[in-house]
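All heavy atoms count here, side chains included; hydrogens, waters and symmetry mates do not. We're numbering straight along the sequence, starting at 1.
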Amino acid sequence: MSYAAYKMMHWPTGIENCVAGYLTHSISDSTPQFIPPIPSDDLDSDWPRRSQGIGPIPNLIVSAANVLEVYVVRVQENNAASDAKRGGVMAGVSGASLELVCHYRLHGNIESMAVLSVGGSDSSKRRDSIILTFRDAKISVLEFDDSTHSLRASSLHCFEGPDWFHLKRGRESFARGPLVKVDPQGRCGGVLVYDLQMIILKTVQAGTGLVGDDENSGVGGAASARVESSYIINLRDLDIKHVKDFVFVHGYIEPVLVILHEQELTWAGRISWKHHTCMLSALSINTTMKQHPLIWSAMNLPHDAYKLLAVPSPIGGVLVISSNAVYYHSQSMSCALAVNTFAVSADGSQEMPRSSFTVELDTAHAAWLANDVAMLSTKTGELLLLTLVYDGRVVQRLDLVKSRASVLTSDITTVGNSLFFLGSRLGDSLLVQYTFGTAPTASASSVKEEVGDIEGDAPSMKRLRRSSSDALQDMVGGEELSLYGSTPNKADSAQIHIPEPSWPLDLKLLEALYLTRFRVMWVIDASQSEKSFAFAVRDSLINIGPLKDFSYGLRINANPNATGMAKQSNYEMVCCSGHGKNGALCVIQRSIRPETITEVELPGVKGIWTVYHKSSRSHNSDASKIAAEEDEYHAYLIISLEARTMVLETADLLGEVTESVDYYVQGSTIAAGNLFGRRRVIQVYARGARILDGSYMTQELTFGSNGTESGSGSDGITVSAVSIADPYVLLKMSDYSVQLLVGDPSNCTVSIDVPSVFEGLKKSISACTLYNDRGPEPWLRKASTDAWLSTGVGETFVGSDGVSHDGDIYCITSYDNGTLDIFDVPGFNCVFTVEKFISGKAYLTDSFVKESPPELHEISKSSEDTAGQARKENVQNIKVSEVVMHRWSGQHSRPFLFGILTDGTILCYHAYLFEAQENAKNEDEKGGQELITHDSTSSSRLRNLRFLRIPLDMHTREEVSAEGAMPRISIYKNIGGHQGFFLSGMRPAWFMVFREHLRVHPQLCDGSIVAFTVLHNVNCNHGFIYVTSQGLLKICQLPSGLSYDNYWPMQKIPLKGTPHQVTYFADKNLYPLIVSFPVMKPLNQILSSLVDQETGHQIDHDNLSSDELQRTYTIDAFEIRIMEPEKSGGTWQTKATIPMQSSENALTARMVTLLNTTTKENETLLAIGTAYVQGEDVAARGRVLLYALGRSDNPQNLVSEMYTKELKGAISAVASLQGHLLIAAGTKIILHKWTGTDLNGVAFFDAPLHVVSLNIVKNFILLGDIHKSIYFLNWKEQGSQLSLLAKDFGSLDCFSTEFLIDGSTLSLVVSDEQKNVQVFYYAPKLSESWKGQKLLSRAEFHIGAHVTKFLRLQMLPASSDKPNATPGPDKTNRYALLFGTLDGSIGCIAPLDELSFRRLQSLQRKLVDAAPHVAGLNPKSFRQFQSCGRAHRPGPDNIVDFELLCHYEMLPLEEQLEIAHQIGTTRSQILSNFNDLSLGTSFL
């Protein structure tokens, strides 16, 4: 492997930062879209906003490593009876969900994040911005731009590079990245960089001239908060060292910055003398004078204080949180609360007030639920409510009460005044609604202790049902806040009345409730503070991180005969993820493998359709009928073969009724569907169409002779494509003309109409479709300029028959020259035009509207002229082969527009509205005249409609060759509770819509798929049928246990403990894994186990009283669980457990194959390495254990112990080497041979410090050390010796290692603690390798995440699934490394041949400048090796970054061609390289 590619396959999911702010709308935009109506009984009350329903809700912004996402919270009010969402009804709200506004993958990990708010009144029209910080000292300020529906940078601040070296004061490594905090009134922000430099960002104040102009002429519509300038305060000059945290406080005229810092450091050995070393300093920040006087300070805070919380007005001041106490400080007073027995006051004399229970507060996170109540989330996942009891501005005391248990959080934010979000890196993140009353009685009456069955029958709930599985957790003081993952049960929602719980809670009752899967909402009575809170979980975001280890095993429904690409679908990844009570096994599958109900061989299928039939059906439908429509069974299945059509009934059994029905069965069918509200079926074939009522034909039409004017020449004209939108049918004929069938609902007949627009058309039509704009209200109407006239009134879009249909119909047409038009039907007025649709611009706007985003004009005309003729030719034949527009159900959903080009590109656009006000108001005379002339053709152009291009996570493409091929996009509204579309073809894929966001999941298991349709009947509930190119017709359902709202489909199996390592036993399909869980033990038991076995020396407990010895203490207990997967979707069974001894930690568990020297047979055993953790006074020991799995047929004796032996040192890694067992024990590696009863050492090697990983290929060994980088050894059988071949002389903290094999070259890959990956090679003949002692660097790369495990997988030959492909010079022995990280991301490093590498590297250098980068980040600097101040000689740059290269496909076509030309290659060559790599790494 001389060259490699780095590719992300599953992006990070562990959320590190979350904030809330008004990014996409301002507080005053109280549109119904964002803010639910206030309940009527509150309209006349004069209470503050808190009592009115739920109030305005800001956006939620979350970050996971380098992924930034902005959500809007959609609230369902409690008016629709059908919407009984989980969590019941609370404060007039029946549910709330997160909807994605935008998603970005940045070239840098977000260190911290804050919202720059505008401050000022609630009626403010201005919006917030977000400030992001990146290492070492980069700051980006982003705002939302309405005109492009995306984030744009309003300012960038960088304090790196030669000009700013003095800020580092000679240091190279810093404990943390930049930390940003913002003044609550938005006057300034502060960023702490390099641990001691405070950067003050001064914001633009409202009312200054600049902003006045902005209000009117901002490109993005509304003005956002912006940064005007910045300056630096050197904290050393103020005698502030060792800053721990800082915050801006409320209630001062000028911004006041309170800094928590340590004057002199202390350490564990000096705590008893020197413990209160921290202090607070409050600086008043004058941004105009750049002065910052100290206005107050507070001394004597404990050394472990680490966090500040600004108390909201009217109280003001700060809370200081330390491990053992909480302190309140303001300018005038202070008070404290001890939360456990370790807290002492500064002078040790007076007693501190103590809380009623003990808790440890280190690493807690906090947010304010009210101006005097803060919610703390502890390291065990408990939620605590801290109340400030105050009088005026004087805080009298602090009260702490336990609330609920929930997920282990990494950040908390309140979203508006009745929701909060728990962001988590260790479990699923939750959106929770809360309410509180001032007295328990009031609250109880308003909440009514809702107990609702969470299995609501609304179809939108079916996906929420599986949205999380951090379920059934342990209870720590109250009910767990979590979402259940369960299969639908058919019980109706029940009301259960539960007696008011007394404290402590009745756990039996809780358990019963958990088992029946009811959601209970309890009123928690904090009696002292007289505030009672109720919580309801509303939504969750899936997280599969942190991936500590993973294993690669067979799926339950694997197909043993599969070959090539389809074989990958047999495997799944089983990952150890989460921590503590959020610990789980994540089963991740990249490709969907449907559950087959039945399959039949049926060669030659061209298309399949299912149709409904119901004779008595009224035309006007109301809500109950729509619900019934969802569950109506299909009546007929129509199968089109090459020369005939089959018709089957879809009742209980699929019975063929071809002979007894009036369908056209003598030739193949082009399309079939329902018309007139499912009262009729239309079947279109090549030369005609039939309208059927059930099995009887009511009307027949023929095309070709009577429909067109040109009599004789039209005999050969046939239908080539059909689009049905009740009551219209659009036909595209083989001569590229268009005909429209218009239905008359009154008598269910159809007449042919040729739209006049298309009659004398010069340009030929390449694709066309109908779009039915349905939903709660027609969406596209909002986009026309006279939208205010037509909302709610049907007059503008009344059909020719005078009936207004449900939903407006539009016709989308694309022409061979690349233009796309949208017409209204049946008038066929052009309402929207895009020129050059095929070039795939980032934004589409109506080309008749003068105002358009500046991005649209950037492509210069000259670039097209300079391009040689040769380049133009291969672009001329790119056409749109299929176009589809659809809007899925959902109150706030917006339409998607998809176009498939003949070169295989899939363009995906999402519609949005942007009203360019300037056009309407201050258009100058001439422009106004022009607009009028354009608009006279159609008064209702969709001028406010825009489309934003969405990147799709799929790189495989296939060229569309055959003219008149069957359409590839099949839209479905409900398959297993999901909606989206299925893309058939060579490499089929599922596109599912979640949160207004498309998730793409490939389906590899059957190869090419030629036809697809939905099927809903008795035996196949909301399932589907597809036909493979081999001629198999399969009736299937989606696997039910998986969550599809993730980058890859996944299922979580809760473990209620921390998983550490997992391994796979293929013979019996078992997964042994190491799990640890906390247990409480009396102190004397723990102390008695801390005995040095060799000296037998007993530790004295003289200084401990008997009470203290009886006290309990929590320690981790380890065990090995042998788990077996159940059939898809079921929970996994624990078949056996192997407990460890007291204070023994299992460090590694691996399946090894050993050669039994007595019987000369290979045995596969489970090898476990452990270590006793007994403190520093006891010499380290460990055990190696060997177990046989499944030897006896008796399932009770699944596990039998074969051997156990105690060794010196911790057993940190085991591996099998040519039938021998290699054990890393302490600082030695010992090779043993296995006699069947005993392990005998045959060779050893002295490792430096502590081995973290062992990898073996043939007789080569790669070992990674915790500090001393990697060692490369080999084993010689004849002399029985382990000899060192070479090592890396640098110091490196290894995380994981693996061999990378490319043909005959062997490389060594290592990931380290600084989130880098390095590739080394062994070349003893080169002089720089110091006669072969030194490993040489082949490539280095910064991944930006801690890689915990590499897995070597054989790459698939790229040509394997191409028909008649000649086997190229592809190396068959080529492997890629799949890796998992602590952020929850999965990626791969794959070898590349030199030609592809050089081509892609040149492209990568071009894209650094050519592609726009969010937040102004430079991909080149992000990928540079981070040495963190250590001496490091830069290695070669031999890895290309696909995270950057994937931007190439998102550029407009002209730019793609230009760039390819500049680097001396062609676009098709680049795309073919992309495709080969994607196919080669289509694992799982």
Side-chain angles (χ1 to χ4, degrees), residues 323-324 339-342 357-365 376-384 402-410 422 424-428 469-482 504-505 507 510-511 514 545-546 548-549 576-585 1052-1062 1073-1090 1108-1121 1123 1134 1137-1149 1168 1170-1175 1210 1382:
S323 304
N324 311 318
V339 296
N340 57 40
T341 50
F342 299 112
F357 56 95
T358 64
V359 65
E360 292 170 10
L361 282 187
D362 47 328
T363 73
H365 295 275
L376 302 173
S377 164
T378 67
K379 60 184 177 185
T380 56
E382 288 177 275
L383 295 182
L384 312 176
K402 279 192 183 185
S403 174
R404 295 283 174 91
S406 103
V407 65
L408 303 173
T409 56
S410 57
L422 302 169
S424 173
R425 245 180 89 92
L426 304 174
D428 292 353
S469 36
D470 281 352
L472 305 180
Q473 309 264 9
D474 54 332
M475 265 90 39
V476 191
E479 188 204 353
E480 182 80 33
L481 284 184
S482 69
L505 293 172
L507 288 182
L510 258 176
E511 221 159 301
Y514 267 134
K548 298 188 188 134
D549 188 26
C576 295
S577 77
H579 180 83
K581 63 179 183 187
N582 297 131
L585 268 190
K1052 264 194 184 183
I1053 294 108
L1055 295 173
K1056 300 223 186 88
T1058 306
H1060 296 274
Q1061 262 195 12
V1062 61
L1073 66 143
I1074 302 175
V1075 182
S1076 69
F1077 47 92
V1079 288
M1080 307 283 280
K1081 286 201 170 172
L1083 200 56
N1084 52 7
Q1085 255 187 33
I1086 295 169
L1087 290 172
S1088 62
S1089 71
L1090 302 183
E1108 284 176 315
L1109 284 175
Q1110 290 310 313
R1111 222 181 251 168
T1112 56
Y1113 185 76
T1114 312
I1115 58 166
D1116 276 342
F1118 280 74
E1119 67 183 19
I1120 311 289
R1121 288 187 201 170
M1123 296 189 74
T1134 303
T1137 57
I1138 307 172
M1140 295 292 114
Q1141 296 177 358
S1142 169
S1143 73
E1144 181 182 30
N1145 289 12
L1147 297 183
T1148 181
I1168 300 166
T1170 73
Y1172 289 97
V1173 179
Q1174 296 173 311
L1382 292 182

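More than 12 heavy atoms of other residues, nucleotides or ligands shown are found within 6.0 angstrom of CZ on Phe357. Remark: His1060 NE2 is packed, more than 12 non-hydrogen atoms of other residues, nucleotides or ligands lying under 6.0 Å away.
Between Ala584 and Pro1054, the shortest heavy-atom contact is CB-CA, 4.1 Å. Between Gly427 and Asn582, the closest heavy-atom pair is CA-CB, 4.1 Å. Summarising the geometry of Ile1074 relative to Ile1120, their closest heavy-atom pair is CG1-CD1, 3.6 Å, with the distance given to 0.1 Å. Between Gly578 and Pro546, the closest heavy-atom pair is N-CD, 3.5 Å. The shortest heavy-atom contact between Ala1171 and Ala1210 is CB-CB, 3.5 Å. Scanning both residues, Glu1144 and Gln1141, for their nearest heavy atoms gives OE1-N, 2.9 Å.
For the residue pair Thr1148 / Gln1061, a side-chain donor-acceptor distance below 3.5 Å is found, with atom types taken as modelled. With no hydrogens or angles considered, no side-chain donor-acceptor pair links Thr1137 and Glu1119 at under 3.5 Å.
Ser1076 places no side-chain N or O within 3.5 Å of a backbone atom of Ala1117 that could act as its donor or acceptor partner. Remark: the backbone N or O of Leu408 is paired with a side-chain donor or acceptor of Ser424 at under 3.5 angstrom.
The OG1 atom of Thr1058 lies 8.0 Å from the CZ atom of Phe1118; values are rounded to the nearest 0.5 Å. Put simply, CG on Leu422 and CG on Asp428 are 11.5 Å apart, with the number rounded to the nearest 0.5 Å. Of the inter-residue distances, the one linking Arg404 atom CZ with Ser377 atom OG reads 14.0 Å to the nearest 0.5 angstrom. In this structure, the separation between CG on Leu383 and OG1 on Thr409 is 7.5 Å, given to the nearest 0.5 Å.
The side chain to side chain contact (heavy atoms under 4.5 Å, CB included) check on Thr363 picks up Lys379, with sequence neighbours excluded. By the side chain to side chain contact (heavy atoms under 4.5 Å, CB included) test, Phe342 is found to be paired with Asn324, Asn340, residues two or more places apart in sequence or in another chain being considered. With sequence neighbours left out, the salt bridge (Lys or Arg N to Asp or Glu O under 4.0 Å) criterion links Lys548 to no other residue.
Two residues are said to be in side-chain contact when any heavy atoms from C-beta on lie closer than 4.5 Å; Leu585 and Leu1055 meet this criterion. The shortest distance between side-chain heavy atoms of Asp1116 and Asn1145 does not fall below 4.5 Å.
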side-chain contact (heavy atoms from CB on, under 4.5 Å) between Leu361 and Ser323, intermediate numbers included
CA-CA 4 Å; Leu361 282 187; Ser323 304; 5.7 Å; no
Test Met1123 against Val1062 for side-chain contact (heavy atoms from CB on, under 4.5 Å), laying out the working first.
CA-CA 10 Å; Met1123 296 189 74; Val1062 61; over 6 Å; no
